[in-house]
Amino acid sequence: MTPQTSENTPATLFKRLLAICYDLFLLIALLFTVGVMVAGIITFAINDGNAITDSHPAYAVYRIFMLILLFITGFLFYGWFWTHGGQSLGMRTWKLKLVSADDKPVSWKQALIRYITALISWGSFALGFLWGLFNKEKKTWHDMASDTVLLQLDKT
């Protein structure tokens, strides 16, 4: 069941994309900061301050570790906003709010499912997002998988 009132309707694809663009500025800065700090620490810890290139024996492990770290950082960024009020800064700007379909706060489990499914949605040429154009409730793949609803709040 979707919690809706006359003031709260499902968010449109356009508003979703605008909020994502806003959030990407913050997320990219955060990923850059975390990546540079951790890369610097690892470089000095295991390679005496020299760059870890593809000829280094730990190169593959280093790359995998960095990808996992950036994945977790992105999840913590969105997960914290979604579980603490349901609004990232981009969502707040465009008056969007994420709620659980049962009208309870979004749980960390729902946030994780939503995050992973949203990545799959993007990875499939945004088909998961475009799905919302054809769904009568405007739900995307990650809305359906996580049992959440992204609402357009009343203008007031």
Chemist: Kindly write out the residues that satisfy side-chain hydrogen bond (donor to acceptor under 3.5 Å, both in side chains) with Ser88, not counting sequence neighbours, or none if the list is empty.
Modeler: Asp23

Chemist: Between Thr9 and Lys138, is any pair of side-chain heavy atoms under 4.5 Å apart?
Modeler: no

Chemist: Could you check whether Trp108 and Phe75 have their ring centres less than 6.0 Å apart?
Modeler: yes

Chemist: Does atom CZ (Phe71) have a neighbourhood of more than 12 heavy atoms from anything else shown, all under 6.0 Å?
Modeler: yes

Chemist: Would you check, one step at a time, whether the test side chain to side chain contact (heavy atoms under 4.5 Å, CB included) holds for Arg114 with Asp143?
Modeler: CA-CA 7 Å; Arg114 183 177 180 82; Asp143 292 328; 2.6 Å; yes

Chemist: Step by step, would you call Leu89 with Phe81 a side chain to side chain contact (heavy atoms under 4.5 Å, CB included)?
Modeler: CA-CA 8 Å; Leu89 295 177; Phe81 282 117; 4.1 Å; yes

Chemist: Can a donor-acceptor pair be found, under 3.5 Å and without considering hydrogens, that links the side chain of Gln152 to the backbone of Lys95?
Modeler: yes

Chemist: Tell me, yes or no, whether the heavy-atom count around Trp141 atom CH2, taken from other residues, nucleotides or ligands under 6.0 Å, exceeds 12.
Modeler: yes

Chemist: Indicate the atoms forming the closest heavy-atom contact of Thr83 with Val106, along with that distance.
Modeler: CG2-O, 3.3 Å

Chemist: Evaluate the criterion side chain to side chain contact (heavy atoms under 4.5 Å, CB included) for residue pair Tyr115 and His142; output intermediate values, then yes/no.
Modeler: CA-CA 7 Å; Tyr115 182 71; His142 40 285; over 6 Å; no

Chemist: State the OH-CG distance between Tyr59 and Asn47, to the nearest 0.5 angstrom.
Modeler: 13.0 Å

Chemist: CZ of Phe44: more than 12 outside heavy atoms within 6.0 angstrom?
Modeler: no

